[in-house]
Amino acid sequence: MSENARDPRLVVEILSEALPYIQRFSGKTVVVKYGGNAMTEDTLIDSFARDMVLMKEVGINPVVVHGGGPQIGELLERLNIESRFVGGMRVTDAETMDVVEMVLGGLVNKSIVNLINRSGGKAIGLTGKDGAQITARQLRVEHQTPEMTAPEIIDIGHVGEVEHIATDLIEMLAARDFIPVIAPIGVDAEGHSYNINADLVAGKVAEALGAEKLMLLTNVAGLMNAEGEVMTGLSTAQVDAMIGDGTIHGGMLPKIRCALEAVKGGVASSHIIDGRVPHATLLEIFTNAGVGTLITD
Ligand code: X2W
């Protein structure tokens, strides 16, 4: 059905149904992690930008933390620099760190900012270096194979974990009608740059802001059970148990951990959402329709 052919009564009915959600979430902060994998189709990127503007217009404070793994990979390939991952983290030597900073802090950050602004919002792009808002320390990854008696610590270079998030800059911008768009680059006391996994940053930003929701937008439907169904309405205790018994494993584990830690750290709910669904964030906030995996306390 074309836009014009929509029944106007249905349109106002839907708008009216959103009222309780608008009332409930107005004034609250929602941290949205927008992953590089969810940035592939132009129409989806456009609808994401419009959704952020709509949230802001109804009084919600969206804060965007973005990734850009595939986009970093593309530039590294063009520069003939090999991409390597250990435990889901990009091995980041000095040369790779330069590319990460250029792609995340430059290209990806500014294209999201531009799209939000073109949809009528006021987006401001920042990295964790701006206002030294994300302080980081080097992440040391443990690695163990069945043959090894003890794990070895692998140095994967300029990869960081969050030490502290200073919220004053984000809060100042949000209070002045801006939508902060944050690239996951951290800095230490000596001024060194760190490449940080964007899910980790989003979780910590949500915690530090005392956000109502953390939404991790990705390119899967959510956490699946053995039958291939999306699991939702999970408590932190249930998720802990499923991590403990190995039900949750593999690629989803780091993402689930971020969602879990955020809720344990005071965020009211975490959501792992399918970014391939148009307007996925609005579906989550303004309707009862589930579009992914919800974790609450
Ligand atoms: C990531 C940062 C970007 C990211 C990277 O270099 O790819 C590490 O792996 P997505 O699109 O959310 O995967 N950092 C340490 O997390 O992007």
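When reading the values below, keep in mind they use all heavy atoms of this one structure, side chains included, and skip hydrogens, waters and symmetry mates. Predicted model only: the values in this text are computed from it and were never measured. Numbering of ligands and ligand atoms starts at 1, following listing order.
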Student: Would you say the side-chain atoms of Ser83 and Arg90 include a donor-acceptor pair closer than 3.5 Å?
Tutor: yes

Student: Would you say ligand 1 has an N or O under 3.5 Å from any N or O of Phe85?
Tutor: no

Student: Among all protein heavy atoms in this structure, tell me which lies nearest to atom 1 (C) of ligand 1, with the distance rounded to 0.1 Å.
Tutor: Asn195 OD1, 3.6 Å

Student: At less than 4.0 angstrom from any non-hydrogen atom of Ile72, what atoms of ligand 1 do you find?
Tutor: 5 (C), 6 (O), 7 (O)

Student: His66 near ligand 1, heavy-atom distance under 4.0 Å?
Tutor: no

Student: We want to know whether His158 and Asn195 form a side-chain donor-acceptor pair, criterion being a heavy-atom distance below 3.5 angstrom.
Tutor: no

Student: For Glu207, give me all partners under side chain to side chain donor-acceptor pair (under 3.5 Å), at least two apart in sequence or on another chain.
Tutor: none

Student: Atoms of ligand 1 less than 4.0 Å from Val159 heavy atoms?
Tutor: 15 (C)

Student: Return the set of residues passing side chain to side chain donor-acceptor pair (under 3.5 Å) with Glu163 (not counting sequence neighbours), or none when no residue passes.
Tutor: Arg137

Student: Using 4.0 Å as the upper bound for N to carboxylate O, is an ion pair formed by Lys129 and Glu101?
Tutor: yes

Student: Which atoms of ligand 1 have any heavy atom of Gly67 under 4.0 Å away?
Tutor: 4 (C), 10 (P), 11 (O), 12 (O), 17 (O)

Student: Decide whether an N or O pair under 3.5 Å exists between Gly68 and ligand 1.
Tutor: yes

Student: Is any NZ, NE, NH1 or NH2 atom of the basic residue among Asp240 and Arg257 found under 4.0 Å from an Asp or Glu carboxylate oxygen of the other?
Tutor: no

Student: For atom 11 (O) of ligand 1, grab the closest protein heavy atom and report residue, atom and distance to one decimal in Å.
Tutor: Gly36 N, 2.7 Å

Student: Give me the residue, atom name and distance of the protein heavy atom closest to atom 12 (O) of ligand 1.
Tutor: Lys33 NZ, 2.5 Å

Student: Give a yes-or-no answer on whether the side chains of Thr43 and Asp46 include a donor-acceptor pair shorter than 3.5 Å.
Tutor: no

Student: Does the N or O separation between Gly35 and ligand 1 drop below 3.5 Å for any pair?
Tutor: no

Student: If you have a sec, work out which protein heavy atom is nearest atom 9 (O) of ligand 1 and how many Å separate them, to one decimal?
Tutor: Arg90 N, 2.9 Å

Student: Write out the residue and atom name of the closest protein heavy atom to atom 16 (O) of ligand 1, then the distance separating them to 0.1 Å.
Tutor: Ala198 N, 3.0 Å

Student: Which atom pair, heavy atoms only, marks the closest approach of Lys33 to Ala198?
Tutor: CE-CB, 3.4 Å

Student: Would you mind telling me if ligand 1 is within reach of the side chain of Ile196, the backbone, both or neither, using heavy atoms under 4.0 Å?
Tutor: backbone

